[in-house]
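Just so we're on the same page: letters track the sequence lines, and every chain starts at 1.
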Number of protein chains: 2
Amino acid sequence: MKQIQKKNEGTRFKRTPQRLAILEYLEGNTSHPSAEDIFRVVSKRYQSMSFATVYNTLNTLTRAGELRELTIDPERKRYDPDISRHHHLICVLCGKIVDIPEKIGVELPKDMAEHFVLLGHHIEFYGHCSSCRKKNKEK
Amino acid sequence: MKQIQKKNEGTRFKRTPQRLAILEYLEGNTSHPSAEDIFRVVSKRYQSMSFATVYNTLNTLTRAGELRELTIDPERKRYDPDISRHHHLICVLCGKIVDIPEKIGVELPKDMAEHFVLLGHHIEFYGHCSSCRKKNKEK
DNA sequence: GTATAAATTATAATCATTCTAAGCATTATG
DNA sequence: CATAATGCTTAGAATGATTATAATTTATAC
């Protein structure tokens with residue numbers, strides 16, 4: 001069992017039509033879709049697509065570091081094909097998740113380095129997105 | 001129906017023994033427990049405790065703004081009785097969630113204010129906590 | 001082309017969370 | 001006090017997201 005895993009560790013990602021369809025949908029997608037969002041769209045074009053395949057592919061890509069799994073939505077996992085450093089705002093009115101570029105200076109407390117090994121960070125902003133803001137005529 | 005709701009809107013939180021047991025467990029608790037964690041401990045002392053009561057109480061407290069629901073753990077909701085502004089580190093080795101004080105200067109991009117109404121933010125740090133760091137003899 | 005590991009599929013299983021309906025406890029009312 | 005109203009608790013069923021299973025199919029290397 002372990003041997004099988006080891007043996008195949010270096011095997012490259014098989015490019016099946018289902019995976020290509022998922023990858024194509026994700027490519028450049030900034031909507032932070034859930035597994036269901038992806039399934040709904042991709043299964044329309046790709047008749048026999050199974051939900052399990054969506055999850056399998058998402059997990060494989062996430063483990064390979066080519067996809068980011070977001071925990072910002074308490075109801076379900078969301079996926080972000082943009083793996084560059086950036087943050088997110090979740091609109092508390094419509095639930096939309098919006099990218100926030102990382103031009104934010106985060107100064108970490110000096111004593112943190114003594115206690116923790118820091119690998120990364122992610123900022124969740126809560127607020128009203130621009131379209132909700134317009135709808136409500138805020139400001 | 002609406003009238004009934006309205007009538008009771010101002011009703012204060014009833015201090016039942018079950019709720020008191022949950023509150024007591026949460027008081028000063030910095031372990032960021034899940035509903036199950038809470039149920040496990042509290043139901044030991046309080047025989048008849050139901051899982052639903054734990055969830056009901058947690059949701060009521062959260063809605064009342066007296067408890068913070070954390071989404072940092074992708075597997076389950078975690079709860080934090082400390083509602084003051086602070087952030088969290090999740091140890092990628094042991095899964096523990098640790099409080100990070102808010103003495104962090106976060107400078108938001110200037111143009112964000114033009115696009116969004118910002119209500120708050122929360123930083124998720126990823127890293128190795130101090131006990132895992134010691135175990136691994138890091139640094 | 002063929003073997004073989006890996007991917008897909010449908011379906012069942014699991015796990016966290018919410019819902020439901022019945023009974024219980026507390027408080028307000030007469 | 002009695003009684004009604006309200007809200008709380010409970011067990012268990014229901015839901016929804018995600019993962020596991022097992023049989024079948026497919027991609028890739030030889």
Just by modelled atom types, is the [Y] backbone N or O under 3.5 Å from a matching donor or acceptor in the [X] side chain?
X: B/D37; Y: B/S34; result: yes
X: B/R19; Y: B/K14; result: yes
X: A/T60; Y: A/N56; result: yes
X: B/H32; Y: B/I97; result: yes

ask   = Nearest of D/dT18, D/dA11, C/dA16 to any side-chain atom of A/K77?
value =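 Of D/dT18, D/dA11, C/dA16, D/dT18 is nearest to the side chain of A/K77.
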query = To the side chain of A/Y46, which of C/dT9, C/dT17, D/dT18 is closest?
reply =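 Looking only at side-chain atoms, A/Y46 lies closest to C/dT9.
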Take atom [atom1] of [X] and atom [atom2] of [N], then tell me their distance rounded to the nearest Å.
X: A/I22; N: C/dT8; atom1: CD1; atom2: C1'; answer: 11 Å
X: A/D37; N: D/dG16; atom1: CG; atom2: C1'; answer: 14 Å
X: B/R19; N: C/dC24; atom1: CZ; atom2: C1'; answer: 14 Å
X: A/Y55; N: C/dT14; atom1: OH; atom2: P; answer: 18 Å
X: A/Q47; N: C/dT8; atom1: CD; atom2: C1'; answer: 15 Å
X: B/F51; N: C/dT20; atom1: CZ; atom2: P; answer: 20 Å
X: A/E36; N: D/dT15; atom1: CD; atom2: C1'; answer: 13 Å
X: A/I38; N: D/dA17; atom1: CD1; atom2: P; answer: 14 Å

query = Would you say D/dT9 has OP1 or OP2 under 4.0 Å from some side-chain N or O of B/S50?
reply =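 For B/S50, the contact criterion (side-chain N or O under 4.0 Å from OP1 or OP2 of D/dT9) is not met.
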message = With a cut-off of less than 4.0 Å, is there a side-chain N or O of B/T53 near OP1 or OP2 of D/dT10?
response =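 For B/T53, the contact criterion (side-chain N or O under 4.0 Å from OP1 or OP2 of D/dT10) is met.
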key: Heavy-atom protein contacts under 4.0 Å, nucleotides 20-30 of chain D, coded B base, S sugar-phosphate only, - none   = B-----BBS--
ask   = What's the spacing between B/D82 CG and B/E27 CD if we round to 0.5 Å?
value =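 The CD atom of B/E27 is 11.0 Å from CG of B/D82, to the nearest 0.5 Å.
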request  = Return yes if a side-chain donor-acceptor contact under 3.5 Å exists between B/T62 and B/N59, otherwise no.
outcome  =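 Distance-only check fails for B/T62 and B/N59.
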task = Assess the side chains of B/H88 and B/E124: does a donor N or O sit below 3.5 Å from an acceptor N or O?
result =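 Side chains of B/H88 and B/E124: no pair found under 3.5 Å.
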ask   = When we call it a touch if two heavy atoms are under 4.0 Å apart, what does A/S34 touch: a base, just sugar-phosphate, or nothing?
value =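 Since no nucleic acid heavy atom lies under 4.0 Å of A/S34, the category is nothing.
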